[in-house]
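Hydrogens, waters and symmetry mates play no part in the numbers below; they use all other heavy atoms, side chains included. Every chain is numbered from 1 and lettered A, B, ... according to where its sequence line falls, protein lines coming before strand lines.
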Amino acid sequence: MEIAKAYNPKEAEESHYQKWEAAGCFKPELNENPNAEKYSIVIPPPNVTGSLHMGHALQHTLMDVLTRRKRMQGFKTLWLPGTDHAGISVQRKVVEQLRKDENKSPLDIGREEFIRRAWKWKEEYGNTITEQMRREGASVDWSRHRFTMDESLSRAVREVFCTLYEEGWIYRGLRIVNWCPKDKTVLSDLEVKEETKKDGKLTYLQYPVKNSDRKITVATTRPETMLGDTAVAVNPKDERYKDLIGQMIELPLTDREIPIIADEYVDSEFGTGAVKITPAHDPNDYQVGERHNLPQILVMNDDATMNENAGEEFVGLDRFKAREKVVEKFEELGLLEKQDDYEISLPVCERCKTIVEPILSEQWFVKMDEMRDIALELVKNENAPRFFPEVPHAKVYTAWLENLKDWTISRQLWWGHQIPAWYDEQGNVFVARTFEEAKAQAGTENLKQENDVLDTWFSSGLWAFSTFGWNGEITETEDLNTFAPTDVLVTGRDIIFLWVSRMMMMTKKFVNKIAFNDVLVTGTVLGKDGKPMSKSRGNGVDPIEMFDKFGVDATRIYLASIATGADIKWNDLLIETYRNFANKIWNAARFCLMNSEGASVDISLLKLDENATIADKWIISRLNKTAQAVNKAIDTYQFHEAVRLLYQFFWNDFCDWYIELVKDSISEQSAVSGEPTEEAEDRRPKTKDQLEARSRILTILEQALRLLHPFMPYLTEELWQKLPNVSSDLHNAAYKNAAQTVMLADFPLGDEKLIDERAGAEMQAVIDVISKIRNIRAEMQIKPSDRFPIHIAADAEAQKIFTANEAQILKLARAEKLVLAETLDVPKASAKAVTSVAEIAVPLEGLIDFEKETARLENQVAKLEKESEQLNKQLSNANFVDRAPAEKVQELRDRVAEIENQTQTLKQNLEALK
RNA sequence: GCCGACUUAGCUCAGUGGUAGAGCACUCGCUUCACACGCGAUAGGUCACAAGUUCAAAUCUUGUAGUCGGCACCA
């Protein structure tokens, strides 16, 4: 069989995905077992404007690993894909396109046309991420792909909105909201980020008190808002200002008089102890204003320029220009006390980084008090979704819920779910599922629908059940019954509040189920500089580039290997480790296949019977142990542990030892003549044993490929297809009639009965001997081509093991012959070593460097003595011997005895050198 | 200000009560017929610091320092 010398990921990545998809392998319906248990995951919908970033790549890898393994185990498995409509982002893209191509604004073309264009944009550019997911190898059921603006999901949104409104959970009201002047829409608290600015200024303004020559000084970071001030507040207990309470201030730059009021909110210790109150431009001031019935004067337009309420001099000015001008004017009036440098943190729009303006505005809100109770109740409940890692996420989640504010859900956009509310001419509002219903309610046709659309996260909040067909009209579907709640939600820390919590609440409220059983919170993949990857920092790493450079499989298993839950710094060098690993797997398979003539995968060879050698029993044992541990690790979301186990098994056990140990017995030249064969010569197995050995190694390889498949789907499929005589016999029983692919092969669980500790110990004895001799060779700088006899002293039982593995020892230690005896009888010019069951000598007449050998042995004695010292210290502690478990004590005693034995031998050897 | 996480070999990280681990980098030796994306052999750590619990602490408790994150405040 011709196989390339190195693994070429691109080749393997080209065809398999299409074949899997075409064969329906991703669909739960492929499972023919009517009693199969289900396993389901719904993807956190990526933003339709987005492209794959490292966080997606990580999360998708984990979801795919989970899904693929369960599918192989015969579960009725569904991983449901989808995207969200990303209101603001898409709106911005379309606005930009309009401006660039036609120099038009949305208003020029009207709402209907704008939405038509947005859909067109979505059709044209919205598939980037879904295409990239195919490259990732994501085994999602594309036939169930959902988009938050699909008809049914939109129906669900209207239903939920109306129900919540009818039950009093949704209200419309005038509140201080976060306003993005660039996007000209309101934002929820969670879409606003804080940015610390060191060059802020705290400006002290003096306000003259009416009928007095006193002035009262207020401090502010936003001087322009003073144009909307309607009071100055002081603490009622503040002696400095007590006498001023109730008096009026002549507000500079305006013709208004505003009162000095007393309110507990004011902290006398901070600033001047007097606070300007601008109810229309500050949330705290708004509260104060409510308590004191203050007027609310809005001084800004929706683009953050000043409006006519700000006065003639300021109208039309940008807020920052207005700020400068206010300060200048105060200076002219002699009322500017001072300006201090001040470190300030500013709220900015998460997407466009524009400074958000708190502003009084009429919006739609979801009341969160009852929602919060639902959510808190949910996490206290025994069946609550479990967070992984549990700490700190469950705690953070609870803490956040406890001081949750109402959620602003309206957005001043056109792209999204238009709010199903209509106004009559008097401004009365009618919330209804359809226009027809609204008309019936209003008793008139003269209605105008609410312009605003809903926050994208409102529809995302329904994702756990709207994706399964629930839309209010249809409340029960087969998918919902079968797949909800999903088994696990895999997501990042950043959207626990924004999305996870809301989804939990909504799911409980509308389908009375928990949304998912587990919540796996992944760490953040940070840039090389240890900071989150971002475009502005330029420290991002593009997963697609990594796929091109190292292969999809290497990237996937690398990502799985770092999925500990903690944040992780990106490191190219580590991906390389797994690129190398992929190549190692390729080459191990290449070796097996080059010597597979006549052989076939045969599960019945994975037995600990008398035909199996020690090496066979050992590798079968290791395979089963590994399979057990890998399953346990994945069950508990310890992906890094699963990867470590697989890496160690495949490289250290299978490649480094097993292949080397059986090499001669399976390869062409050995069995009969021991001479190398000619290229053209017959490659058929020479003996029945050789045939069996060839089949056995193929079978072990095949098992390993299955175990690796969830992590490295392409490589494993590519190799599995090359194996001789693989067939659907290897499939899980649920897929007997399905296409032949490793992705439906039965996932090995590991069989306790096939774990043989004795074979492990015996193998270790052989490995120890080989390692010791290799050490001697390296330290004595013996040429690889030089061959020497090896003398081994051991008891009868150990001798049997060495005899059975004589050929292997000779080959791997590059020795000429093995001399076994009860005791050593060798020339003085020998290098010596000792293992737990054997004493080894390599006669090196004329080659031995006595000084070096002495140093080598002394080094080993020193190591042993150091260990022995530690152990003896423990053993001489009476408390330890009395109180520690007897088993532990015995363990140490045994070890000490062994060390002393070995030390003794080494010391004798040292003596002999003199 | 409150809460949390982290601090282990040069680097990136595993390791939740019983003799300190991996990968990469470093040193030495190998083009040995699967693989130089490789093979073999070394070297490298008072597990941030301090106290406590325990027969036994990298691991549990408390405190300190540093780093990072979340939340609150920010006139």
Side-chain angles (χ1 to χ4, degrees), chain A residues 3 5-7 194 200 202-204 218-222 225 232-233 265-267 270-278 282 284-285 342-346 389 391-393 395-396 399-400 403 493-494 496-497 524 526 530-532 550 554 561-562 564 566-571 573-574 576-595 640-641 644 647-648 655-656 659-660 663 667-669 676-677 771 774-779 781-785 811-812 814 859 866-868 870-871 874 877-885 888-889 891-892 895 899:
Chain A
I3 303 169
K5 205 172 163 185
Y7 174 52
E194 297 282 316
L202 189 59
T203 306
Y204 290 77
V218 296
T220 179
T221 54
R222 295 187 294 153
T225 61
V232 167
Y265 152 72
V266 180
D267 176 3
F270 191 91
T272 62
V275 184
K276 60 189 275 307
I277 301 297
T278 324
D282 184 279
N284 291 315
D285 293 7
Y342 191 63
E343 188 178 312
I344 187 172
S345 65
L346 290 170
V391 181
H393 299 113
K395 201 170 172 181
V396 172
W400 176 76
N403 45 49
R493 212 176 17 235
D494 48 338
I496 293 183
F497 306 144
T524 309
L526 306 172
K531 303 247 169 69
F550 300 105
S561 82
I562 61 171
T564 60
D567 291 352
I568 184 97
K569 267 188 241 182
W570 183 261
N571 192 340
L573 290 174
L574 293 177
E576 224 174 298
T577 300
Y578 293 99
R579 192 261 322 255
N580 297 349
F581 183 45
N583 191 55
K584 188 73 178 177
I585 295 168
W586 177 265
N587 272 290
R590 178 168 181 257
F591 170 79
C592 296
L593 289 166
M594 283 165 75
N595 297 290
H640 63 292
E641 175 69 4
R644 194 187 62 79
Y647 186 97
Q648 189 174 308
C655 293
D656 288 350
I659 289 184
E660 296 303 331
K663 206 170 230 178
S667 60
E668 323 289 323
Q669 71 264 34
T677 51
S771 298
R774 281 174 171 174
N775 175 252
I776 290 169
R777 294 193 71 109
E779 298 280 327
Q781 292 173 314
I782 295 165
K783 276 189 261 168
S785 54
K811 181 180 164 73
L812 298 183
R814 303 184 148 267
N859 183 28
K866 194 179 158 201
E867 195 186 330
S868 158
Q870 274 177 5
L871 297 178
Q874 265 195 73
N877 181 344
N879 278 328
F880 171 70
V881 178
D882 289 349
R883 303 170 84 157
K888 271 289 157 233
V889 178
E891 227 172 76
L892 290 198
R895 179 65 187 149
I899 289 172

- So, is A/Lys663 near the phosphate of B/A34, with a side-chain N or O under 4.0 Å from OP1 or OP2? yes

Taking B/G23, B/A14, B/A36 as options, the one with an atom nearest any side-chain atom of A/Tyr647 is B/G23

Practice item. Identify whether any heavy atom of A/Ile277 sits under 4.0 Å from a base atom; if not, whether one sits that close to sugar-phosphate; answer base, sugar-phosphate or nothing. Key: nothing

Whole-Å distance, A/Arg590 CZ to B/A34 P, equals 8 Å

Of B/C28, B/G18, B/U19, the nucleotide closest to the side chain of A/Phe880 is B/G18

| task | Provide the distance between the two C1' atoms, one in B/U62 and one in B/C68, to the nearest whole Å. | result | 23 Å

Answer yes or no: does a side-chain N or O of A/Asn580 lie under 4.0 Å from OP1 or OP2 of B/A36? no

Taken to the nearest whole Å, CG/A/Asn571 to P/B/A14 is 13 Å

Just call it for A/Arg579: base, sugar-phosphate, or nothing, with non-hydrogen atoms closer than 4.0 Å on any strand. base

note: A/Asp567, atom CG; B/U7, atom P; distance rounded to Å ~ 12 Å

By salt bridge (charged side-chain N to carboxylate O under 4.0 Å, His left out), A/Asp285 pairs with (sequence neighbours left out) none

Rounded to whole Å, CZ of A/Arg493 lies from C1' of B/A5 at a distance of 9 Å

P atom, B/G4 versus B/U61: distance in rounded Å? 12 Å

note: A/Phe581, atom CZ; B/A34, atom P; distance rounded to Å ~ 20 Å

Nucleotide N/O of nucleotides 39-47 of chain B paired with protein N/O under 3.5 Å:
residue	atom	partner	partner atom	Å
B/C39	OP1	A/Lys584	NZ	2.7
B/C39	OP1	A/Trp651	NE1	2.7
B/A41	O3'	A/Asn775	ND2	3.1
B/U42	OP1	A/Asn775	ND2	3.2
B/U42	O5'	A/Asn775	ND2	3.4
B/A43	OP1	A/Lys863	NZ	3.3

Check your understanding: Using a cut-off of less than 4.0 Å, is there contact between a side-chain N or O of A/Tyr265 and OP1 or OP2 of B/C74?
Key -> yes

- Mark yes or no for whether A/Arg777, through its side chain, and A/Arg814, through its backbone, hold a donor-acceptor pair below 3.5 Å. yes

Q.
Using only modelled atom types and a 3.5 angstrom limit, is any donor from either the side chain of A/Gln870 or the base of B/U19 paired with an acceptor on the other?
A. no

Quiz item: Hey, does A/Leu202 reach any base, or is it just sugar-phosphate, or nothing, if we go heavy atoms under 4.0 Å?
Solution: sugar-phosphate

Per atom distances to the A/Asn583 side chain, the nearest of B/C28, B/U54, B/C35 is B/C35

Rounded to whole Å, CG of A/Asn877 lies from P of B/U19 at a distance of 16 Å

To the nearest angstrom, the NZ-C1' distance between A/Lys569 and B/G23 comes to 16 Å

Residue pair A/Arg644 / A/Ser561, side-chain donor-acceptor N/O under 3.5 Å
no

Q.
Within the 4.0 Å heavy-atom criterion, would you say A/Thr221 contacts the bases, only the backbone, or no part of the nucleic acid?
A. sugar-phosphate

B/A14 and B/U31: how far apart are their P atoms, nearest whole angstrom?
39 Å

Taking any heavy-atom pair under 4.0 Å as a contact, classify A/Arg644: base, sugar-phosphate, or nothing. nothing

(Q) Measuring only the P atom in each nucleotide, how far is B/C55 from B/G66? A whole number of Å is fine. (A) 35 Å

>> By the 4.0 Å heavy-atom rule, please label A/Lys888 as base, sugar-phosphate, or nothing.
In response: base

**Nearest-Å distance once atom C1' is located in both B/G44 and B/C24** = 14 Å

Side-chain contact check for A/Ala6: nearest option of B/A14, B/U19, B/C37 is B/C37

message = Under 4.0 Å, counting only non-hydrogen atoms across every strand here, what does A/Ser785 touch: a base, just sugar-phosphate, or nothing?
response = nothing

Between OH of A/Tyr578 and C1' of B/C35 the distance, given in whole Å, is 19 Å

For A/Arg579, the salt bridge (charged side-chain N to carboxylate O under 4.0 Å, His left out) test, sequence neighbours excluded, returns A/Glu576

Applying side chain to side chain contact (heavy atoms under 4.5 Å, CB included) to A/Val218 and not counting sequence neighbours gives A/Leu205, A/Tyr207, A/Val232, A/Ala274, A/Lys276

Mind checking A/Val881 for me? I need base, sugar-phosphate or nothing, with any heavy atom below 4.0 Å counting as a touch. nothing

How is A/Lys783 classified with respect to the nucleic acid when contacts are heavy atoms under 4.0 Å: base, sugar-phosphate, or nothing? nothing

The side chain to side chain contact (heavy atoms under 4.5 Å, CB included) partners of A/Ile585 (sequence neighbours excluded) come to A/Phe581, A/Phe650, A/Leu705, A/Leu708, A/Met712, A/Leu715, A/Leu719

Pick base, sugar-phosphate or nothing for A/Arg222, based on heavy-atom distances below 4.0 Å to the nucleic acid. nothing

Paired runs of 3 or more consecutive Watson-Crick or G-U pairs involving RNA chain B, with both pairing distances under 3.5 Å, are B:1-7 with B:65-71, B:10-13 with B:21-24, B:27-30 with B:38-41, B:48-52 with B:60-64

Within less than 4.0 Å of OP1 or OP2 of B/C24, is there a side-chain N or O belonging to A/Thr577?
-> no

- [ ] For B/A41 versus B/A65, give the span between their P atoms, rounded off to a whole number of Å.
- [x] 47 Å

Sub-4.5 Å side-chain heavy-atom contact between A/Asp282 and A/Thr225: no

Taken in chain and number order and not counting sequence neighbours, the residues that satisfy side chain to side chain contact (heavy atoms under 4.5 Å, CB included) with A/Arg883 are A/Asn879

| If the C1' atom of B/U42 is compared with that of B/C37, how far apart are they to the nearest Å? | 23 Å

Next on the checklist: Less than 4.0 angstrom between a side-chain N/O of A/His640 and OP1 or OP2 of B/G15, yes or no?
Outcome noted: yes

Closest to the 5' end of RNA chain B, once A/Glu641 and A/Leu892 are matched to their nearest nucleotides, is A/Glu641

(Q) Check whether A/Asn775 reaches the backbone of A/Ser771 with its side chain - one donor and one acceptor, N or O, closer than 3.5 Å. (A) no

Taken in chain and number order and not counting sequence neighbours, the residues that satisfy side-chain hydrogen bond (donor to acceptor under 3.5 Å, both in side chains) with A/Lys5 are none

With sequence neighbours left out, the residues meeting side chain to side chain contact (heavy atoms under 4.5 Å, CB included) with A/Glu891 are A/Lys888

With rounding to whole Å, what would you report as the distance between B/G1 and B/U8 at their P atoms?
26 Å

| Just by distance, do the side chain of A/Thr564 and the backbone of A/Ala566 share a donor-acceptor pair under 3.5 Å? | yes

_Keeping A/Asn583 on the side-chain end and A/Tyr7 on the backbone end, is there a donor-acceptor pair under 3.5 Å?_
yes

